Protein chains: 2
Amino acid sequence: MAGVSEATVSRVFSEQDAVKEHTKQKVLAAAKSLNYYPNVMAKNFAKRKSGNIGVILPYLPKVKLFSVYYFSEILNGIGEAIEKEGYDMLLLFQRVGQPYDYKKYFLSHKIDAAIILGAKDSPEERDSLRELRDADFPFCLVNQHFDGEQFCEIDAEHVAGSYAAVTHLIEQGCQNIAFLNGPLAYSNSLDRLKGYQKALQDHGLSGQEQAVFYGQYSLTSGYKVADDLLSGQLYDGIAVANDRMAIGLMQRMKELGIKPGADIAVVGYDDSDASAMCDPALSSVHVPFFEMGKRSVQRLVNQLAAPHMKLFQEKLETRLLIRESSQRNQVK
Amino acid sequence: MAGVSEATVSRVFSEQDAVKEHTKQKVLAAAKSLNYYPNVMAKNFAKRKSGNIGVILPYLPKVKLFSVYYFSEILNGIGEAIEKEGYDMLLLFQRVGQPYDYKKYFLSHKIDAAIILGAKDSPEERDSLRELRDADFPFCLVNQHFDGEQFCEIDAEHVAGSYAAVTHLIEQGCQNIAFLNGPLAYSNSLDRLKGYQKALQDHGLSGQEQAVFYGQYSLTSGYKVADDLLSGQLYDGIAVANDRMAIGLMQRMKELGIKPGADIAVVGYDDSDASAMCDPALSSVHVPFFEMGKRSVQRLVNQLAAPHMKLFQEKLETRLLIRESSQRNQVK
DNA sequence: ATGAAAGCGCTAACAG
DNA sequence: CTGTTAGCGCTTTCAT
């Protein structure tokens, strides 16, 4: 390899070079025999691109985010797409409580684009996101929507999803339907609340709109709110904003001798694995989290390739999944 | 900031510089006001360190790894520790079927150390890992053990765990216990098989060692193997190598009118969320996945700091978790 | 201690 | 089209 600089070697790998195939093969072979691997740090540094897509996750010590169905499904989708696109997936933890500074990841050149998961709606968050957008840093929010802002987003139709769930209860004959929601700081929760209210209204049941309870989207919170929810007025149907809370609620119901499904109908949200494993199996609203994760990567990669046409906002379909116990295993 | 080169600015950030506090503050303030962020690519390149710890996951299109309880818990632990240690977490997907080439990540300078999850025992895998070890690249296998090799590993006591599970069944009065295992390519499975056999032997039940069935660690595989498992000889207890298979199995049992827990005792493995959500709640072997993930990062970080004392092999404790329905929610 | 300069391994721009 | 060269923004080394 005398006279051939390493720099020359790496150039050979790039596709736009229309070198003679013969030469190319020779160099490639030489590279392999010399155990030469291009230094990607040097490459990225010279190109001023990190080659990473950052996935920004809220981080609370002790909260096991990867174990949350909705996160893990989105991550599955992101991982699949990133792998295919040839980028690397850098996980970044945004400590909850710490001041938001998304732009630091871009300015320090850690990432070329960001996918932001689990964003809450707050003035600081909005400021931080506006900063990104104004600086033209490619980013995408998944399963979140900021009303009135022009951010790139891949969301799902949560108003419709919730509407379908409540309508399902009504069609089963429920007349007095409670809604167990998650924190309203998530646009999801707000959307689902709207769906609930609209469904009641459209079916002439709006007299009881105040039957809204709140948990933290955790199993425990569903369990805990159960006593409150089941104590006063008797509901004949409960729509729950996610499956984990629904399962916690059902556990408490069973302890109290109330049969979920028979005595009080329950419908969940997310179509998580758990909704098929619990007993009775939980009808639930399916959200295409996997697809949403994939889609976000594709959009960002497009945007990196063609920095025009910057804004994209997409709302993917949800659909109610009615789960009879006999269907359980066809679901997978 | 006239006269002060950018290089100087970034030097001020490093800790070993015993600059006067006053000056330091001034430069920091100047840096902030100028919106200066050090370019980590340049830094890493100059230091010949990527700042990344790679997490290598097996990857099969369509298989949603993040949704597997055991992976997600380990990832939670890894994430927590990496965040604390100031490294970045780079997710790398090892396509199943593709030739193993772990060293490329090191040689291309993508990562400083690697955590390898879900490794199967095969000659190619062993070769690939030996290559890493011989080249002194820091890596750590989590929840996996290669017998006869000197690799860095954080494993759990799966023989003991399985032994405890089977013993639990025996203590409940079971006399004829089947074992539903996962693929033997995972050291876990082999360990659990040993625990099962040993427990039978120690309790004078070794006449039926052949009652071993195999699934793929998935819910569906547990469901499918059920007919086979329940058709011939009648077992009064079934130990299952993970919760998902156990839940699938129980679903099928219920469909067949067999009451899990009452007619045939079932015990699971992993202590996953699902084991507390299913009905009846599943007694299961708890494995400290989260801690194992954390530990692997700490070990690697130590090793990066002090490249001597390279080998570490740790086996964390497992423990049987007997879940009465009343305990369900105290578990969390 | 402080400042200047070399160099990390590539890419990109530019000559030949 | 091929080969040379100047950076990329830091760290490290070396004079001062």
Side-chain angles (χ1 to χ4, degrees), chain A residues 1-28 30-52 86-88 90 103-112 135 137 304-305 307, chain B residues 1-28 30-52 86-88 90 103-112 135 137 304-305 307:
Chain A
M1 215 144 122
V4 179
S5 76
E6 303 262 312
T8 311
V9 172
S10 83
R11 279 192 63 235
V12 174
F13 293 125
S14 97
E15 304 80 3
Q16 64 243 42
D17 274 319
V19 194
K20 267 180 298 191
E21 191 57 28
H22 177 71
T23 320
K24 190 167 174 178
Q25 286 311 318
K26 266 192 121 153
V27 181
L28 248 26
K32 181 165 289 178
S33 78
L34 287 173
N35 235 310
Y36 169 74
Y37 281 76
N39 182 328
V40 299
M41 286 204 299
K43 186 186 83 162
N44 292 336
F45 173 52
K47 300 192 85 158
R48 273 151 289 242
K49 299 226 174 73
S50 69
N52 297 329
Y87 279 86
D88 284 311
L90 193 70
K103 71 177 185 309
K104 72 171 176 232
Y105 300 121
F106 290 94
L107 292 171
S108 66
H109 296 274
K110 272 197 181 176
I111 60 176
D112 300 335
F137 292 131
L304 286 169
Chain B
M1 216 145 118
V4 180
S5 77
E6 303 262 312
T8 312
V9 172
S10 83
R11 277 192 64 236
V12 174
F13 293 126
S14 98
E15 307 78 1
Q16 62 244 41
D17 274 319
V19 194
K20 266 178 300 189
E21 192 55 28
H22 177 72
T23 319
K24 192 167 173 179
Q25 286 312 319
K26 268 193 119 151
V27 181
L28 249 26
K32 181 165 292 177
S33 77
L34 288 174
N35 236 311
Y36 169 73
Y37 282 77
N39 181 329
V40 300
M41 286 203 299
K43 186 186 81 166
N44 293 336
F45 172 53
K47 300 191 86 156
R48 273 150 288 239
K49 300 223 173 76
S50 70
N52 297 330
Y87 280 85
D88 283 311
L90 194 70
K103 69 177 187 308
K104 72 171 176 232
Y105 299 123
F106 289 94
L107 291 171
S108 65
H109 296 274
K110 271 197 182 178
I111 60 175
D112 301 335
F137 292 132
L304 287 170

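Bear in mind that the values here come from a model prediction, so they are computed numbers and not experimental data. Note that these values count all heavy atoms, side chains included, but never hydrogens, waters or copies made by symmetry. Every chain is numbered from 1, with letters handed out A, B, ... down the list of sequences.
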Residue pair [X] / [Y]: nearest heavy atoms and the distance that separates them:
X	Y	value
A:D112	A:L304	O-CD2, 3.6 Å
A:K49	B:M41	O-SD, 3.4 Å
A:Y37	B:K104	CE2-CB, 3.2 Å
A:H109	B:N39	CD2-ND2, 3.4 Å

- Task: Tell me which nucleotide among D:dC10, C:dC10, C:dG9 gets nearest to the side chain of B:A46.
- Result: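 The answer is D:dC10.
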- Item | Proximal nucleotide (of C:dC10, D:dT11, C:dC8) relative to the B:K47 side chain |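 Among C:dC10, D:dT11, C:dC8, the one nearest the side chain of B:K47 is D:dT11.
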Over how many whole Å does the gap from [X] atom [atom1] to [N] atom [atom2] extend?
X	N	atom1	atom2	value
A:K110	D:dG9	NZ	C1'	16 Å
A:K43	D:dG7	NZ	C1'	19 Å
B:R48	D:dT11	CZ	C1'	8 Å
A:L107	D:dC8	CG	C1'	17 Å
B:M41	D:dG9	CE	C1'	10 Å
B:N44	C:dG9	CG	C1'	14 Å
A:N39	C:dG7	CG	P	18 Å
B:F45	D:dT11	CZ	P	13 Å

- Task: Check whether any side-chain N or O of A:N52 sits under 3.5 Å from a backbone N or O of A:I111 as a donor-acceptor pair, and report yes or no.
- Result: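 Not confirmed, A:N52 side chain does not pair with A:I111 backbone.
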- Message: Looking only at side-chain N and O atoms, does A:S50 offer a donor or acceptor that is under 3.5 Å from a partner on A:N44?
- Response: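 Their side chains do not contain a donor-acceptor pair, so the 3.5 Å distance test is not met.
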- Item | Phosphate OP1/OP2 of C:dC10: any A:Y36 side-chain N/O under 4.0 Å |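 So the side chain of A:Y36 is within the cut-off, an N or O lying under 4.0 Å from OP1 or OP2 of C:dC10.
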- How sharply is the helix from C:dA1-D:dT16 to C:dG16-D:dC1 bent, taking the axes over five pairs at either end and rounding to 10 degrees?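 The angle separating the two end axes equals 50°.
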